[in-house]
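First comes the structure, then the notes that go with it.
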Amino acid sequence: MKQKAFIKSVWLAGMSLALALLAGCSGTVPTAAPVATNTAQVNTTPASAPTDTVTPEASATAVPGSTSARQVITWYQYDQTNTDPKSDERVGNAYMRQAIAQFNQDMHGKLTWVNQPQAWDKMVLALVAAVQGGGEVPDVFNMSTDNMVTFYNNGTVQDLTAWATQQAWYKDLDPNAIKACTGPDGRLYCVPVASLPQVMFYWTARFPNGYPKTPDEFLTQAAALKQKGLYAITYFGSTDFAGEAAMRYFFMTIASFGGTYDDGKGNMLLNTPEDIAAVQFMREVVAKGYSPDIVFAGNFQEEQPMKDASAGSISTGVFGYRYINPLKAPDGKTYNSMVDAINAGEVKLASFFAPPGKTPSCSTSYTGFVIPKGARNVDGAHQYINWVMDAKNNPAWVQAPGAGLPAEESIAKDPAFQTTFYKQAIAASQGLCRSWSGSLTKLPDAKKIIATAIYHLIKEDPTADIASTLQAAQDEYNRNK
């Protein structure tokens with residue numbers, strides 16, 4: 001399966017259900033061996049606009065200077081030895097080559113960065129198993145806040161509160177980023193570095209007056225596009241990857257209609273007037289043929305209509321553009337990357353729309369670091385994290401393995417983020433997005449239950465009663481939470 005990394009927010013999908021089995025396991029848990037993979041990806045453009053073209057660097061695995069320097073071990077899904085220019089994760093891989101060499105030079109004689117690449121779809125489970133089994137663990141683990149509940153519930157990571165709050169970068173963090181890394185006990189368990197909001201990319205020729213601001217405006221323009229044999233929107237709408245859609249277009253729509261998935265107290269809450277109105281809207285889009293049927297195919301096949309401009313817009317992660325290439329514009333011109341199309345003004349980014357009196361919204365998560373329990377070089381881990389958080393190194397990380405927008409508010413002013421793409425991405429998401437899961441704690445169950453219910457209502461049985469279906473879904477979750 002094509003890897004979609006953090007940008008696709010699939011890290012937890014498929015294997016997170018297996019995590020639940022850990023609690024019932026006994027005996028020796030095998031230590032996860034480092035797994036090289038050619039399927040990891042994000043963005044690497046240090047201090048410049050994102051690009052899909054990466055020139056492989058000279059080997060960055062060679063350690064300059066003393067071999068007695070202490071090692072700091074990291075687990076990323078990126079493989080510095082993979083120089084394949086067609087790899088989905090070529091940007092993240094190239095970043096690792098460049099950054100390892102720079103870190104080892106900066107820390108000459110003090111620390112040596114050794115990255116052990118991990119299979120993207122197994123690394124969370126591997127870390128939990130290694131910690132619980134007393135096996136070898138990294139000093140720093142590159143994580144997504146989508147996994148914080150799993151790590152907290154399994155006692156996998158260290159409390160960073162006392163150390164992190166004393167660092168200069170801490171007070172510069174977006175408060176929402178800090179909240180995403182805070183456990184139920186009020187303690188900080190991760191360091192957030194980049195945010196990954198969901199946004200809209202659209203062909204300006206399909207929406208010449210800008211992206212719609214309200215559902216009614218969208219439906220009017222969608223009807224006009226349909227008359228031309230075109231679709232207004234494409235999105236991930238299947239139940240693939242254990243309910244991935246619940247985190248994406250489904251939540252974007254429900255949140256923009258003023259709805260939610262939870263009551264703020266750990267209970268699922270779906271049967272509300274706002275959620276019902278959002279599902280009615282999604283049902284209408286499907287029923288009237290304003291989105292292609294491929295949105296329900298899974299495995300990210302919904303990207304194709306954006307590539308060939310048969311769909312006017314796509315709902316996806318802020319760095320989802322990396323996978324949507326090459327593109328053929330409405331005027332027939334071909335672009336090798338979406339960034340090229342954005343720079344040419346043919347594609348723009350926008351917020352979702354919302355009913356009058358409501359505010360457009362979307363889901364977001366954060367990428368960053370945890371220090372696992374059992375890490376051998378905690379001091380080295382602290383030094384490594386501080387190196388990444390330093391203003392001269394942070395932009396490159398945010399654009400590459402971070403795959404998002406800066407969690408440090410001052411970094412957003414860096415020249416690296418003054419490009420057309422970043423300006424539009426920040427404007428389309430700043431202050432609008434929040435965690436899809438809210439106070440829910442059984443995230444694998446929640447994703448699957450929510451996605452299954454909405455899929456049923458808009459695809460399988462568009463005549464089913466919305467309120468009763470949503471009520472049944474929330475009851476299912478709440479009975480077993």
Side-chain angles (χ1 to χ4, degrees), residues 1-4 7-10 12-14 16-17 121 198-203 206 215 218-219 222-223 225-226 229-257 259 261 270 275-317 320 323-324 352-353 362-363 436 444-466 468-470 472-473 476:
M1 183 193 72
K2 184 180 179 183
Q3 153 65 319
K4 299 297 180 180
I7 302 171
K8 297 297 185 180
S9 303
V10 195
L12 191 56
S16 44
L17 291 177
D121 57 343
Q198 296 280 314
V199 295
M200 300 301 303
F201 291 80
Y202 71 96
W203 290 106
R206 302 300 189 217
F218 173 84
L219 293 173
L225 287 171
K226 184 179 180 181
L230 301 169
Y231 301 104
I233 187 171
T234 184
Y235 51 86
F236 189 104
S238 83
T239 57
D240 208 358
F241 305 122
E244 172 74 9
M247 304 163 61
R248 299 161 64 89
Y249 169 72
F250 290 173
F251 182 79
M252 177 180 274
T253 306
I254 283 178
S256 295
F257 273 69
Y261 286 161
L270 301 179
D275 287 30
I276 292 171
V279 173
Q280 287 173 332
F281 171 80
M282 288 188 278
R283 178 181 274 181
E284 183 174 2
V285 169
V286 174
K288 292 185 174 178
Y290 297 157
S291 62
D293 201 52
I294 201 172
V295 302
F296 300 114
N299 201 27
F300 306 107
Q301 296 180 66
E302 80 284 353
E303 295 169 348
Q304 185 57 43
M306 187 66 186
K307 292 179 182 179
D308 60 25
S310 60
S313 64
I314 184 169
S315 164
T316 189
Y323 306 100
I324 306 174
F352 201 55
F353 40 80
C362 59
S363 68
W436 68 272
D445 291 346
K447 283 172 53 182
K448 186 174 182 180
I449 290 170
I450 293 166
T452 299
I454 296 176
Y455 176 85
H456 176 74
L457 289 167
I458 68 176
K459 172 62 175 174
E460 292 182 326
D461 187 359
T463 65
D465 182 70
I466 296 175
S468 60
T469 301
L470 295 180
E476 178 184 354

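The model shown is predicted, which means the values in this text are computed figures rather than measured ones.
- When all heavy atoms are compared, the tightest approach of His456 to Ala464 is NE2-CB, 4.1 Å.
- Nearest heavy atom pair, residue Ala453 against residue Ala473, reads CB-CB, 3.8 Å.
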side-chain contact (heavy atoms from CB on, under 4.5 Å) evaluation trace for Glu476 with Asp445: CA-CA 10 Å; Glu476 178 184 354; Asp445 291 346; over 6 Å; no
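- Across all their heavy atoms, Ala309 and Arg206 have their closest contact at O-NH2, 2.9 Å.
- When all heavy atoms are compared, the tightest approach of Ala232 to Ala222 is CB-CB, 3.5 Å.
- The side chain to side chain contact (heavy atoms under 4.5 Å, CB included) test with Thr469 singles out one residue from Leu457, Asp461, Ile276, and that residue is Leu457.
- Remark: the backbone N or O of Lys288 is paired with a side-chain donor or acceptor of Lys226 at under 3.5 angstrom.
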Trace of the side-chain contact (heavy atoms from CB on, under 4.5 Å) decision for Met306 with Thr316: CA-CA 11 Å; Met306 187 66 186; Thr316 189; over 6 Å; no
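- The aromatic ring centroids of Phe352 and Tyr235 lie 6.0 Å or more from each other.
- Side-chain atoms of Thr234 do not come within 3.5 Å of backbone N or O of Val295 as any donor-acceptor pair.
- Taking all atoms of both residues into account, the shortest heavy-atom contact from Ser313 to Met200 is OG-CE, 3.7 Å.
- Between Tyr323 and Phe300, the gap from one ring centroid to the other reaches at least 6.0 Å.
- Contact of the Leu219 side chain with the Phe281 side chain is registered, since non-hydrogen atoms from C-beta on lie closer than 4.5 Å.
- To the nearest 0.5 angstrom, Ile254 atom CD1 is 4.5 Å from Met282 atom CE.
- Nearest approach of Pro305 to Ile294, heavy atoms of both residues: CG-CG2, 3.7 Å.
- With rounding to the nearest 0.5 Å, the separation of OG1 in Thr253 from CD1 in Ile454 is 8.5 Å.
- Note: Ser363 OG to Met247 CE = 6.5 Å, rounded to the nearest 0.5 Å.
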Audit row: Phe296, Thr239, side-chain contact (heavy atoms from CB on, under 4.5 Å) steps and yes/no: CA-CA 8 Å; Phe296 300 114; Thr239 57; over 6 Å; no
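- Phe250 pairs in a side chain to side chain contact (heavy atoms under 4.5 Å, CB included) with only one of the listed residues (Phe236, Tyr261, Trp436), which is Tyr261.
- To the nearest 0.5 angstrom, Ile314 atom CD1 is 4.0 Å from Ile324 atom CD1.
- In this structure, CG on Leu230 lies 12.5 Å from CH2 on Trp203, to the nearest 0.5 angstrom.
- In this structure, OH on Tyr249 lies 12.0 Å from CD on Glu302, to the nearest 0.5 angstrom.
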